[in-house]
K.L.:
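The structure under discussion is supplied below as structure tokens; questions concerning it will follow.
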Amino acid sequence: MNDVRVRFCPSPTGNPHVGMVRTALFNWAYARHTGGTFVFRIEDTDSARDSEESYQALVDTLRWLHLDWDEGPEVGGDRGPYYQSQRGELYQRAVDELLARGAAYRDFATPEELQAERDEAKVTGRAFVYSRRWAAETDADAEKFAAEGRAGVVRLKMPREGELVLNDLVRGEVRIAWASEQDHVVQRADGSCLYHLATVVDDHAMQISHIIRAEEHLPNTPRQVFIMQALGYELPAFAHLPYVAEPGSKNKLSKRKLDKYLKNRDFAELVKHGDAIAERMGLAVDADVFNPVIVDFYEQIGFLPDALLNYLLLLGWSLDGEREEFTREEMIELFSLERVNRAPASFDPQKLLAFQDRAMQQLPLKQKTARCLPYLQAAGLVATPPPCDTGPYLSAILTAAGDRVKMAGDVLVYDDFYRADDALVYDEKAWDKRLVKPPAACDLLGRFAEQLETVEPFEAAGIETALKSFVEAEGIKIGDVIHALRVAVTGKAVGFGIFETLEILGRERSLSRIRLALARVAAQSPTS
RNA sequence: GGCCCCGUCGUCUAGCGGUCUAGGACUCCGGCCUUUCACGCCGGCAACACGGGUUCGAGUCCCGUCGGGGUCACCA
């Protein structure tokens, strides 16, 4: 390991968002690429908003994606604790130091008084600059204010002239006037400290060398640099990533705008697909989590983590504009901050799906089987633990289904292979179209079933040969019996190859299903 | 509104002054394959925001305009 140390430091206030994960990915890739250290830190400085569930969701998401961290919660490290809620003493010392050096002051303004100043600035059309009217210059002032029943906070005493020149690793030189910054609060009246202070103190204590974060943080970089300088810290390098935008627009992607995104056709289709899988599993859909903006959504419907990562990697980074597929190892080998784009990138559900599709096609059968099995179990189609012939049977289905199974949850559309013959669910439209309406359908089906009795071995190739000679002898088209056969045997209008379907089902079940279907049609139509 | 960032096909992007009649990918539209569906294959549509400079030459450099966005908390 060298001295490159980067960090991913979310606050546990909700379910991890794809943009957040993209930031984690870039940090992780940079750390692994440089042989540096990837630190995971929990910024839980706001007890009113932080939650244990959110923390757990963060850990679960990172684990699912295999974005492993070298230091942080659950793994420890030399510079812990990695929860800001446990680092209060460090922050207190920093606040004292800031105060002692005149870089911060105690302030006793009430929220109402502050708001009044803001309103006034707004009315007069000027930028708001706090008057520092309730700033306590001395201890005596502080006592006086306190005696009035005012609560004191600590504010940064920001410079009001000059500018900060920042050399951002992705955006180049950025200049921001110090005066455009406010006297931000760094410590609340109850002694707890705020993010800006905490993050700076921790980055220093944890010897972070590169701050790689989303560009939303660019505007508040000056106040952080101010703190670093006031405390005599060496400045880390900054790299502000473009944010991830909504599908088809440049607005920042938000998990709270699901209703709006649903108007986007591609987005709506993804959700619909997910809902269908959830329904087959009997999963109660929680709109907060079952949302394509939330990473957990992909885990639930059976995405491959590497496919999501590969897609996210290309949202703001490119190698050469030609190559788009990268394994985890290749991401590490090829990632660089120099190739990070400056403009925000819109999240495109279709393209994500294309990556998932491709990754699934390349997944070895054994792994594909292992990923799909839990879905069948969740849907109650396969027992837990699974019977011993489950693996080969599922693998046969998956082989026949080929690339039709685009995500693990898709395996549930082949539920008919797991149902008892007399418990098949028929697609009524297909039933009428292929079995009831064509006058000869049942007759043909019945007579082909007789042929099926003697096909030996009962395998796809032989069944196909039998059908072809049957069709030739009858002088009909192959479609005249295939469609009826499919509906009779699977209950569905669509599916993978019918010959493979019959082979997997086996002779007994195939014949049984055909007989059941024939009987059902007969029972349906009054004998003429 | 202040401050800041950004601006190549619908979307993700390549392009670091000439090889750009602008390349790749996803989507979309045709066609082929075919027992349905999916895959696959072939082909097609489609972009340098605008205006000034600089230069022999600008998508590429500079300025301006316009447009889009981020951020302005005792959230992170």
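Both backbone and side-chain heavy atoms feed into the values below; hydrogens, waters and symmetry mates do not. So that the names make sense, note that chain A is the first sequence line, chain B the second, and so on, each numbered from 1.
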K.L.:
Quick check: are there more than 12 heavy atoms from other residues, nucleotides or ligands sitting under 6.0 Å from CD of Glu173(A)?
P.N.:
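Count over threshold, so yes.
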K.L.:
Taking the nucleotide of RNA chain B with the nearest heavy atom to each, does Gly495(A) or Arg342(A) sit closer to the 5' end?
P.N.:
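Its nearest nucleotide lies further toward 5', so the answer is Arg342(A).
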K.L.:
Using atom CZ of Phe448(A) as one end and atom C1' of U35(B) as the other, report the distance to the nearest whole Å.
P.N.:
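Result: 12 Å.
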K.L.:
May I ask you to say whether Arg133(A) pairs ionically with Glu113(A), meaning some side-chain N is under 4.0 Å from a carboxylate O?
P.N.:
no
K.L.:
Do the charged groups of Asp415(A) and Lys492(A) touch, with an N to O distance under 4.0 Å?
P.N.:
yes
K.L.:
Salt bridge or not between Asp203(A) and Arg41(A)? Use side-chain N to carboxylate O under 4.0 Å.
P.N.:
yes
K.L.:
I need the CG-C1' distance between Asp320(A) and C12(B), as an integer number of Å.
P.N.:
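Going from CG in Asp320(A) over to C1' in C12(B) covers 14 Å.
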K.L.:
With a 4.0 Å cut-off on heavy atoms, is Ile498(A) in touch with a base, just the backbone sugar-phosphate, or nothing at all?
P.N.:
base
K.L.:
What's the closest nucleotide to the His483(A) side chain, out of G24(B), U35(B), G70(B)?
P.N.:
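The answer is U35(B).
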K.L.:
Listed by chain and number, what are the ring pair (Phe, Tyr, Trp, His ring centres under 6.0 Å) partners of Tyr414(A), not counting sequence neighbours?
P.N.:
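Partners of Tyr414(A) under the ring pair (Phe, Tyr, Trp, His ring centres under 6.0 Å) test: Phe496(A).
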K.L.:
Let's test this: given Watson-Crick or G-U wobble pairing with both distances under 3.5 Å, identify the partner of G2(B).
P.N.:
U71(B)
K.L.:
Could you go over nucleotides 73-76 of chain B and give all protein N or O partners under 3.5 Å, atom names and distances?
P.N.:
from	atom 1	to	atom 2	distance (Å)
C75(B)	OP1	Arg188(A)	NE	3.4
C75(B)	OP2	Arg188(A)	NE	3.2
C75(B)	OP2	Arg188(A)	NH2	2.8
C75(B)	O2'	Asp46(A)	OD2	3.1
C75(B)	O2'	Arg49(A)	NE	3.0
C75(B)	O2'	Arg49(A)	NH2	2.9
C75(B)	O2	Arg49(A)	NH2	3.2
A76(B)	OP1	Thr45(A)	OG1	2.3
A76(B)	OP2	Tyr195(A)	N	3.1
A76(B)	O3'	Glu43(A)	OE1	3.2
A76(B)	O2'	Ser11(A)	OG	3.3
A76(B)	N6	Asn220(A)	ND2	2.5
A76(B)	N1	Asn220(A)	ND2	3.4

K.L.:
What is the distance, to the nearest angstrom, from the CG atom on Leu353(A) to the P atom on A25(B)?
P.N.:
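Going from CG in Leu353(A) over to P in A25(B) covers 18 Å.
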K.L.:
NA contact type, Asn251(A), heavy-atom cut-off 4.0 Å: base, sugar-phosphate, or nothing?
P.N.:
sugar-phosphate
K.L.:
Mind listing the N/O atom pairs, protein and nucleotides 46-50 of chain B, below 3.5 Å?
P.N.:
none

K.L.:
Would you kindly give the CH2-to-P distance between Trp317(A) and C12(B), to the nearest whole Å?
P.N.:
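Between P of C12(B) and CH2 of Trp317(A): 17 Å.
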K.L.:
Can you measure Gln362(A) atom CD to C39(B) atom C1' for me and round it to whole angstrom units?
P.N.:
14 Å
K.L.:
What nucleic acid atoms does Lys492(A) come within less than 4.0 Å of, heavy atoms only: base, sugar-phosphate, or nothing?
P.N.:
nothing
K.L.:
Between N or O atoms, less than 3.5 Å apart, protein on one side and nucleotides 26-31 of chain B on the other: list the pairs.
P.N.:
from	atom 1	to	atom 2	distance (Å)
C26(B)	O2'	Lys351(A)	N	3.4
U27(B)	O3'	Gln350(A)	NE2	3.4

K.L.:
May I ask you to check whether Asp202(A) and Tyr91(A) show a side-chain donor-acceptor distance below 3.5 Å?
P.N.:
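Note: Asp202(A) and Tyr91(A) side chains meet the donor-acceptor criterion.
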K.L.:
Choose from U36(B), C6(B), G68(B) the nucleotide whose nearest atom is closest to any side-chain atom of Ala343(A).
P.N.:
C6(B)
K.L.:
Is the ring pair Tyr130(A)/Tyr105(A) parallel, tilted or perpendicular, if the boundaries are 30 and 60 degrees?
P.N.:
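Geometry flag for Tyr105(A) against Tyr130(A): parallel rings.
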K.L.:
If we ignore hydrogens and angles and just use 3.5 Å, is the side chain of Thr23(A) paired with the main-chain N or O of Gly19(A) as donor and acceptor?
P.N.:
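Answer holds: yes.
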K.L.:
Polar atoms only, N or O, under 3.5 Å: list the protein pairs with nucleotides 61-65 of chain B and their distances.
P.N.:
none

K.L.:
Just the rounded figure in Å: distance from P of C37(B) to CD1 of Ile397(A).
P.N.:
21 Å
K.L.:
Scan every strand shown for a Watson-Crick or G-U wobble partner of G44(B), both distances under 3.5 Å, and answer none if you come up empty.
P.N.:
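C28(B) is the nucleotide pairing with G44(B).
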K.L.:
Provide, to the nearest angstrom, the distance between the CG atom belonging to Leu166(A) and the P atom belonging to C5(B).
P.N.:
10 Å
K.L.:
What I want to find out is whether Glu215(A) reaches Arg171(A) closely enough, with some N-O distance under 4.0 Å, to be called a salt bridge.
P.N.:
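Looking at Glu215(A) and Arg171(A), the cut-off is met.
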K.L.:
Could you run down the sub-3.5 Å N/O contacts of the protein with nucleotides 1-4 of chain B?
P.N.:
none

K.L.:
Are the charged groups of Glu464(A) and Lys468(A) less than 4.0 angstrom apart, N to O?
P.N.:
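A salt bridge links Glu464(A) with Lys468(A).
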K.L.:
Without decimals, in angstroms, what is the distance between Lys468(A) NZ and U35(B) P?
P.N.:
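Distance, rounded to whole Å: 7 Å.
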K.L.:
Can you tell whether the side chains of Arg280(A) and Asp410(A) come within less than 4.0 Å, N to carboxylate O?
P.N.:
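No.
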K.L.:
Counting any heavy atom closer than 4.0 Å, what does Gln361(A) reach on the DNA or RNA strands: base, sugar-phosphate only, or nothing?
P.N.:
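Touches sugar-phosphate only.
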K.L.:
Both distances under 3.5 Å, Watson-Crick or G-U wobble: report the partner of A22(B), or none.
P.N.:
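The base-pairing partner of A22(B), which may sit in any strand shown, does not exist here.
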K.L.:
Should Lys250(A) be listed as having a side-chain N or O under 4.0 Å from OP1 or OP2 of C5(B)?
P.N.:
no
